[in-house]
Amino acid sequence: MTLDQIPLGSRARIVAVDWSLLAVDEVQRLRALGIEPDAEVTVAHRGVFAGRDPLAVQVGRMTVALRRAHALAMIVEPA
Amino acid sequence: MSRLRSAALVGNPNAGKSALFNALTGARQKIANYPGVTVERKAGRVLLPSGEPVELTDLPGSYGLLPNSPDEEVTRKVILGEFPGEAAPQVLVVVLDASNLEQHLVFALELLELGRPTVVALNMVDLAERDGLVIDPLALEQALGVRVVPTVAVRRRGLIDLAEAIACAEDQEPGSRQPHAGMTERRVTARAIAAAAILSESSRHRLHAKLDQILLHPWLGPLILFAALFVVFQAVFAGAAPFAEALQGGVDWLSAWVRAELPPGLPRGLLTDGILAGVGAVVVFLPQIVILFFFILAMEASGYMARAAFLMDRMMARVGLSGRSFIPLLSSFACAVPGIMATRSIADPRDRLTTILISPLMTCSARLPVYAVIIAAFIPDRSLAAGIGLQGLVLFLLYVTGIVGAMVVALVLRRSVTQGAASGFIMELPKYQLPQAKDMAIGLFQRVRIFLRRAGTIILTVTVVLWLLLNVPRAAPGEDQIDASIAGHLANGLAVGLKPIGFNRDIVLALIPAMAAREVAVSSLATTYAVANTDEAQQDAALSRALKVHWSLPTALAFLAWFVFAPQCMSTIAVTRRETNGWKWPGFMLLYLFALAYIFAGITYWSAVALGL
């Protein structure tokens, strides 16, 4: 299951990230914000249009906006 | 021991660094650019308890020493003492958001590894308490091994303690450079330290989560955003009017006074028709700029700007940009210069370049005077429906044309010159905060000063030079002064190329100095028609009446179309050159905008003529 598939408001743990799907600077920024394997996240909000892109993800005490393309690279399991 | 001279604030974005900086240094700040890059260098003076001053710099917010943007590059280089001409700060003041310790401690740990004199400001402890967090600063102090001072910048809490800690930090044992820990390692340590320092945590429902439920709501959110933008623009146009009129009254009074006091002749002409008409026409836009920047600053300070970026990301993604471009583009409605400077927060270089290239298409406030004068002169003040006037509709359409033009250009650029993989959008959504009066006042004051300095230098120079070109050499009796002047000869030459799109010589005359600053077009037209009327009584006639005599409706419409796309001011070109490190992109920008302007003005003129307008 990827981060894109978990329902709004439910908690999940990032199990693995396919970093090869992301650009180097994106990897760096995501990791700087604590979005990396073993982090617990909640998808708090999603956009309105097709694909409901982007996503607002809660990680720790922060809310971080990211795109669906990033969420698709993250394998999660319910926490 | 050398005397303590410099310290720097450093920390994650949204740590409240700027508010702390404002509280520590007051309004006496020096804002400049780091040489070679357009990253703002903010410096001010802090008085130590001993009375000695220390230069404090506010380094750009950064998530770590591994740079991810030009901003973060500057922070890294300054801290490591690698920035040419910039001594490394003697004391690092690491600013932490007390309500987000786990995250902010990661960068703090990386900085502490450097083994430099360091002080930690545990900032915004009041907001943490609001969220139900109780933190033990002593536990943090023990874990980090440096002084930790709880601060609340807006209530000036802890500022004296912080100054004292900075003064003492120099005496710190020079710590050894610790072995470089990995990112993951640091994060684990940060979590452990935070867990130990947090005494209690109530699961109080946080205010910002509730606000986000509404403001980021899939369809309510965009509606609120557009309503907010509508209110902003309404306030900019309607709210500024009384102040603008008062300023105009002042300029008119001064002009009348000079006319009464001085004998007729060139010096008086220079003062009234040149300087007062020119600079006055620009200064009256000060109220609008103040109001617009007020809203932009308030949106930034409250944390709403990031939500706007979130809501706009999908739309920006369609033309190959991201929500991050929304903020610079919105700022460009005030002025492209701060807009282009704001692009430095965009990490992706192609994204950033595209945003820079399209930002002049956002209707900046300097174009407003031009639109206002032409619309007032040529578009009848008719009501189309309740609350919708024809004049307002035309103005709205001009803004929309600029936006649509920008989107199309972005789409084309992303498929040609700035081709590359679609850019990402990763951005922290900061906590909501009430904007503080003091920070807003300092921000507004800085922008007003920049604007007035521009009016006092570039615009003053240009109007004086134009006035001289228009008045030298003097016409022989019976000859038209404009035709005889240097500027007249120049404009007559250029007018040949612009005749096909309906432009006359007077317009060309206004377009030349408008390259310095767009709003000068109005003052130039005022100067031109004031010069043409040797009759004293007619000299005071409203510019719009003069325009109606000299221009046809198709010409006026073509002029408006031209201004949607065309010549950006010198400052925009200059800032683009600085941001892109060369003449290639400003040159490209100049060419493509001129081409678009010529084509659209032409199409407008020819269709208007064909329709018999």
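Each chain gets a letter, A, B and so on, in the order the sequences are listed, and its residues count up from 1.
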*Asks:* Going by an N to O cut-off under 4.0 Å, is there a salt bridge joining Arg61(A) and Asp97(B)?
*Replies:*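 Salt bridge: no.
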
*Asks:* Once rounded to the nearest 0.5 Å, what's the spacing between atom CD of Glu26(A) and atom CZ of Phe425(B)?
*Replies:* 12.0 Å

*Asks:* Looking at Ala44(A), Gly34(A), Ala65(A), Ala23(A), which has the largest count of heavy-atom pairs under 4.5 Å with chain B?
*Replies:* Ala65(A)

*Asks:* With heavy-atom distances below 4.5 Å as the criterion, would you say the side chains of Arg187(B) and Glu36(A) are in contact?
*Replies:*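 Answer yes - side chains close enough.
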
*Asks:* What residue in Ala309(B), Gly64(B), Pro218(B), Ala306(B) has the most heavy-atom pairs under 4.5 Å with chain A?
*Replies:* Pro218(B)

*Asks:* Is there a side-chain contact between His45(A) and His217(B), using heavy atoms and a 4.5 Å cut-off?
*Replies:* no

*Asks:* Within the distance-only criterion (no hydrogens, no angle test), does the side chain of Gln103(B) pair as donor or acceptor with the backbone N or O of Ala32(A) below 3.5 angstrom?
*Replies:* yes

*Asks:* Looking at Gly47(A), Ala56(A), Ala69(A), which has the largest count of heavy-atom pairs under 4.5 Å with chain B?
*Replies:*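 Result: the option with the highest number of such pairs is Ala56(A).
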
*Asks:* Is it true that, when you exclude Met315(B) itself, more than 12 heavy atoms of the residues, nucleotides or ligands shown sit nearer than 6.0 Å to its CE?
*Replies:* no

*Asks:* Apply salt bridge (charged side-chain N to carboxylate O under 4.0 Å, His left out) to Arg186(B) and list each qualifying residue two or more places apart in sequence or on a separate chain.
*Replies:*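 Glu110(B), Glu113(B).
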
*Asks:* Is there a side-chain contact between Leu33(A) and Tyr63(B), using heavy atoms and a 4.5 Å cut-off?
*Replies:* yes

*Asks:* Using side-chain contact (heavy atoms from CB on, under 4.5 Å) as the criterion, point out the one residue from Val57(A), Ile35(A), Leu30(A) that pairs with Ile426(B).
*Replies:* Leu30(A)

*Asks:* With respect to chain A, which residue among Leu66(B), Leu311(B), Leu101(B), Thr184(B) yields the maximal number of heavy-atom pairs within a distance under 4.5 Å?
*Replies:* Leu66(B)

*Asks:* Working to the nearest 0.5 Å, report the span between NZ of Lys431(B) and OG1 of Thr63(A).
*Replies:* 7.5 Å

*Asks:* Would a 4.5 Å heavy-atom cut-off, applied to side chains only, mark Arg67(A) and Ser322(B) as touching?
*Replies:* yes

*Asks:* Suppose we screen for side-chain hydrogen bond (donor to acceptor under 3.5 Å, both in side chains). Which residues come up paired with Asp212(B), at least two apart in sequence or across chains?
*Replies:* Arg307(B), Tyr432(B)

*Asks:* As an exercise: rank Asp38(A), Leu55(A), Val24(A) by heavy-atom pairs under 4.5 Å with chain B and give me the winner.
*Replies:*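 When all of Asp38(A), Leu55(A), Val24(A) are compared, Leu55(A) has the most.
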
*Asks:* How far does CE of Met62(A) sit from NE2 of His104(B), to the nearest 0.5 angstrom?
*Replies:*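 That separation rounds to 7.0 Å.
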
*Asks:* Is any side-chain N of the basic residue among Glu428(B) and Arg29(A) closer than 4.0 Å to the acidic one's carboxylate O?
*Replies:*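 Salt bridge: no.
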
*Asks:* Is the closest side-chain heavy-atom distance between Val64(A) and Leu429(B) below 4.5 Å?
*Replies:* no

*Asks:* Checking heavy atoms, do the side chain of Pro67(B), its backbone, both or neither come under 4.5 Å from chain A?
*Replies:*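 Backbone of Pro67(B) only, per the 4.5 Å heavy-atom cut-off to chain A.
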
*Asks:* Below 4.5 Å from any heavy atom of chain A, which atoms of Leu133(B) appear? Answer side chain, backbone, both or neither.
*Replies:* side chain

